[in-house]
Engineer: 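Below is the structure I would like to discuss, written out as C-alpha cells.
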Amino acid sequence: MHVDLPGDPIGSEVDALAWPLVGRAAQRSMLLRAVTHGRGALVVGEAGIGKTRLATAVLDLLASRGWHIVRIHASDCIREIPLGALWPLLPAVRALEPSATTISAAVSGLSALAADARADRLVVFVDDIDSLDGMSAVVTSHLVTIRGIPVLATTRTGRMLPEPVRQLVVSAVLERLDLTPLPEAEMLELFHTVLRGSIAPEAAARLIRLCGGVPLFAREILLDGLQAAYLHKVGAEWQFDRPNPASSPRLSDLLVDRLRGASAEEREALEIAAMAVPIGLRELSELVTADALAALERRGLLTVDRLDRRLPVRLSHPLYRELVADSTPAASRLGYARQLADQMERHDLRRADDLLRWALWRLDGGGPIDTARLTAAAGLAVARRVDLAVRERLTRAAYAADPSVANGLLLYQSLVEVASDDLDSLLADLAARARTEPDRAAIMIAHAYHIGWVAHRPDEGTDALDEVARTIHSPALLSDIMAHRAMLYAMSGRPGPALADAREALVPSAQPGARMIAGTAAALANLMTASFPQARAATDLVRTLSAQADRGSISPVPAAFLLEVRILADQGYAQEALRRAAAAVADAIANGDPMRHAWSTAAVAYAHLCQGDLDDAATRAADAGRLFASLAHHSGQRWTLALRLLATVQRGQIDEAGTLVKALRAMPDLGQIRCYDIDETVGMAWYEFLTTDAAAARDRLERAAHGWLAEQSTGLAMLATFALFRLRFGDCAAALLDRIEVPADWPFGNAVSALIRARRPADYVTAGDAFRAQDMRLLAAEAYYLAATRTRPHGPPQRTRALQAAAALAQQCRADTPLLGRLSPATALTRREEQIAALAAGGASNREVAQHLGLSERTVENHLHRAFAKLGVTRRSALSQHVPAKHVPAKD
C-alpha cells in the first residue's frame, strides 16, 4: 500500500532530466537503520539541501522491501486546523470535534491504513514536520511512543518544532540527522549525471560556486540555463555563459519565498550585506539596527563568521547575495554606496581591499573624492589585475581627477590589454608632458611595449628602448629598460640578446616589477635554448614575485603562467604541467582576471596536447581562443588556432584541419613576434603532409630548424626536427640531430634523440618506455609501433606486446598519425590468431580450420574468440575488414 497526498515535491521537469540522488550514502544508511531498527529519524537542513529527496530515496527502498508508507505533507496554511495535515487520511473522524476521543480515533485511523500488514512494516513520513498543528503532533508522538510505528520526518534548520515532536528528538526517540551541503566532487558528479556529459572546467567551477552545495539551486540553475540556452554544448562539453544567473525567474521566485515576511529594515540589511561583502558586524551595525541583523541570523539568511576578529557578515548562500543584489533598486544601491564610502573614510581605510571598494562606492554614490586615495586605488587595481572593467574605470577616473603622467601610465596599462584605439593619443599626450627622467623612461617603455606587442614590431620597440637608455642615468631605470628590452628580444625569437639583457635586469637592486619582466623573458629564452634548469629557476622567481603582486606591490605577467606550463611539458613533466595549468585556471576565475584566464586555459590545452589527449587539447584550445577573441588579443587567438590544428592533424581529420588553416591565414600577421612560430610551423607542415604535399612539409620544417639553430634555439630546433621524424623524414631528422647538442638534464630531448637514433627493436622500446614515463602516451605509441615494425613479422613475443601497447595507447589518444598509419587492431593479433582469423574470414568452419592446422576445435574457438575481442567484431563476416581472407586448400 502506498498513500500520498497531492503536491509531491518531485516535479515533472526534474523527472525529465532524470534528477539523481548523488552521494549521501552514509546518511541513507543511517536513516534506513533508524527506521528499520528504531523509532525513526528527523532530517534537518537548509531549504533546498535535499532533505525530502533523501527521505524519498529511503522510502522507495523500504517500499521495494514490502514496507507500507504513509506520506504526510504539512504546511503553514493548514496549521491552524486541528488534525489538518492528517485530515485527508482520516475520513472516519472528519465529523468529530477536537478531543481526546478524536486523537485516539486519528491514531486508530492511521494504524488501520496498514491493517493488512504487521505494525513493524509501516512507516509514516512527515515532510516539514515543524508545520504540524498541535493535535497532529500529538498523534505523531503517540504513533512512535505508544504504537511503535517509526516516523521519518524533515524540518528546515532554525524552525521551531511542536513540543511533542521536540520531546521525541530530545529524548533520542527520533535520531537527528543534520544535512550539510554537498561537497564539490559530488556537485560535479550531479552535473555530469543530469546533463549526461562533461562540463568545461570554468563552467563547472562557476556552477559549483553559485550552487554552494544546495541541490535545489543546482536544479533551478540547470533548468533555467537549458530553457534560456545559456547552458549549451560546445563540442563535447557543456558551457555556462549566463552573465547573471540571479536574473532567472525561477531563482527569483525562490528568493521571494525566502524573504517572505522580511521587514523593511531587514531587507535593507540584506541589500547592504549583499553589496558590501565582506563587511564586519560592527560596521554593518552602524548602518542598520541590531534587531534586524539578529532576526536575519536566526532565520539563516545572514551568517557571521566568528573565527575572524572583524566578525565578517555574509549572506548564507552565494546565490542569495546575487539574487538580493540583482533585485536591489538602483536608487538604493547609490544611496548604500555613499553610506559605505562615508563610513570607510571614518575608519581610515585600514585595509588595501577597503581602498578598492571605497573608490568604487565613491564613484557610484557621489560625494567629495580624495584624489590621492583614488590614484592609490587605481594603482592597486592595476597591480592586482582585478576585473578588467574595474581597472579601466578606476584608472580613467584617476586620470580625469589628476591628469599626471603616472596616472596616464596606469590608464595605459588598463587599455593595452584590450587594444584600445585611445593608446596612441594617450601615449603622445603623455610624452609631450613628460619632464622628469623617470617619466620619460616609463613613457618610452610603454611606447616600446605598444610597438612590439600590440603592433607586432618588437625590433622597433628595442630600437626605441636603445635610444632612451642613452639618456637615462638611474641604475633602477636602466634595469627596467633592460627588462622590457629582454622581453621584446625573447618575443621576437632572439634568446641570446634576451638572456644578456635579463641578466642585467635581474640584479638584486632592481625593482620587483623589472625583475618580474626580466624573469619572464629569461624563462622564455631558456626554454628556446633548452636550458631547462635555468628556465625553471626563472619561473620560480616569477612565481615568488607573483605572490608579492597579491599584496599589491607589482603586477604579474599573464603569459608567465603559460610559460611555466610549457617549460614543464617540454622538459618531460606533462602531468605536473597539467596540474599547474588547471590550478592557474581556477585561480584566474576566482580573481576575475580574463587575460590570465585565457593564457591559463591555453596552457591546459598545451599540456593535454603533450600528453596525447587530443580531444581535450582541441576543446581547451577552442575555449582559450574564445577568451582571447573577447579580449581582441590576436596573438593569443592565432596561437590557440595553431594548437587546435596540431590536435586535429594528429587525429587525421583533414577537413577540419583545412578549416583551421583557412582561419589561421585569415588572422592578422604577427610580424616579428616569433615565440609562437614553432607550433604553427609544425601544424602547417603536418597539414601539408596529409594533403599530399610532403616536399613542402619537409622544406618548411627544415627551414625552421636551421633558423632556430642559427639563433641557438636548441629547444625549438629539436621540436622541428622531431616533427620531421614523425612525418617519416627520418634521414633529414637524423642529419639535423647531429647538429643539436641535447643537454643531459632534458628528459624529453633525450627520449626524442634515442628514438631518432634507434636501430634495434629494443632501442625503440626503450624510447617508448621513456615517453610513457613522461605521460606522453601518443609518442610512446609511435615508438612501440616502430619497435614492432622493426621485428620480423612472426618474431618473438616482444613484437606482439609492442603492437598491443601501441594499439591501446593510440586508441586512448584517438590518434591517426603517419607513424601509426598502418596500425590497426589487427596488428595486435598474435601470429596464430591472425592465421585462424584469415581462414575464418575465407569461410572455413572451426572444424575445417582445426583439421587444416592440426589443432583441436576448442583451441581454434579460443583463438578466434580472442581475435574477435581485439578486432571489436562479433561476426565472422566482419573479419575480412581487418585481415586478408585465406581459403583452406581443397583436398586432392
Engineer: For a quick check under 3.5 Å, do Tyr606 and Arg566 share a side-chain donor-acceptor pair by atom type?
Structural biologist: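 The criterion, which ignores hydrogens and geometry beyond distance, is satisfied for Arg566 and Tyr606.
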Engineer: Looking at Arg814, I want to see if its CZ is surrounded by more than 12 non-hydrogen atoms of other residues, nucleotides or ligands under 6.0 Å.
Structural biologist: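 Open.
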Engineer: Between the side chains of Gln413 and Arg391, does any donor sit under 3.5 Å from an acceptor?
Structural biologist: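 The answer is no; no qualifying pair exists.
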Engineer: If I compare all heavy atoms of Pro747 with all of Tyr573, which pair ends up nearest, and what's the gap?
Structural biologist: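 Looks like CG-OH, 3.8 Å.
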Engineer: So, do Asp679 and Trp639 sit near enough that their side-chain heavy atoms are less than 4.5 Å apart?
Structural biologist: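 Touching, per the 4.5 Å side-chain cut-off.
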Engineer: Run the salt bridge (Lys or Arg N to Asp or Glu O under 4.0 Å) test on Asp677 and Arg638 for me, step by step, so that the C-alpha distance in whole Å, both residues' side-chain angles and the decisive distance to 0.1 Å come before the verdict.
Structural biologist: CA-CA 10 Å; Asp677 275 5; Arg638 191 176 187 105; over 6 Å; no
Engineer: Check Ala758 against Asp763 and note the closest heavy-atom contact, atom names and distance.
Structural biologist: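 Ala758 and Asp763 have their closest heavy atoms at CB-CB, 3.5 Å.
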Engineer: More than 12 foreign heavy atoms under 6.0 Å from CD of Glu186: is that the case here?
Structural biologist: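 Enclosed: over 12 neighbouring heavy atoms sit under 6.0 Å from CD of Glu186.
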Engineer: So, using ring-ring contact (aromatic ring centres under 6.0 Å, His included) as the criterion, who are the partners of Phe628 when residues are at least two apart?
Structural biologist: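 Expected list: Trp599, His633.
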Engineer: Tell me the closest heavy-atom pair linking Ala815 and Leu820, and the distance in Å.
Structural biologist: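 So the two residues come closest at CB-CD1, 4.4 Å.
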Engineer: Tell me, yes or no, whether the heavy-atom count around Glu711 atom CD, taken from other residues, nucleotides or ligands under 6.0 Å, exceeds 12.
Structural biologist: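 Yes.
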Engineer: Less than 4.5 Å apart, any side-chain heavy atom of Phe748 and any of Gln571?
Structural biologist: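 No - every pair of side-chain heavy atoms lies 4.5 Å or more apart.
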Engineer: Taking 4.0 angstrom as the limit, do Arg596 and Asp587 come out as a salt bridge?
Structural biologist: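 Yes, Arg596 and Asp587 are salt-bridged.
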Engineer: Taking atom types as modelled, find out whether Glu782 and Thr817 have a side-chain donor-acceptor pair closer than 3.5 angstrom.
Structural biologist: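 Yes, because at least one side-chain N or O of Glu782 sits under 3.5 Å from a partner of the opposite role on Thr817.
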Engineer: Under a 4.0 Å N-O cut-off, is there an ion pair linking Asp775 with Arg777?
Structural biologist: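 Salt bridge between Asp775 and Arg777, a charged N being under 4.0 Å from a carboxylate O: yes.
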Engineer: Between Tyr764 and Asp769, is there a side-chain donor-acceptor contact under 3.5 Å, judged purely by atom types and distance?
Structural biologist: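 No, Tyr764 and Asp769 have no side-chain donor paired with an acceptor closer than 3.5 Å.
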Engineer: Residues in side chain to side chain donor-acceptor pair (under 3.5 Å) with Arg321, at least two apart?
Structural biologist: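 Result, side chain to side chain donor-acceptor pair (under 3.5 Å) vs Arg321: none returned.
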Engineer: If the threshold is 4.0 Å, N to carboxylate O, is there a salt bridge linking Arg620 and Asp623?
Structural biologist: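 Looking at Asp623 together with Arg620, the answer is yes, because their closest N to O distance falls below 4.0 Å.
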Engineer: Any donor-acceptor pair under 3.5 Å linking the side-chain atoms of Arg757 with those of Ser753?
Structural biologist: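 A pair is found: one side chain offers a donor N or O, the other an acceptor, under 3.5 Å apart.
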Engineer: I'd like to know if the side chain of Ser531 reaches the main chain of Leu527, judged simply by a donor and an acceptor atom lying under 3.5 Å from each other, with no hydrogens or angles considered.
Structural biologist: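 No.
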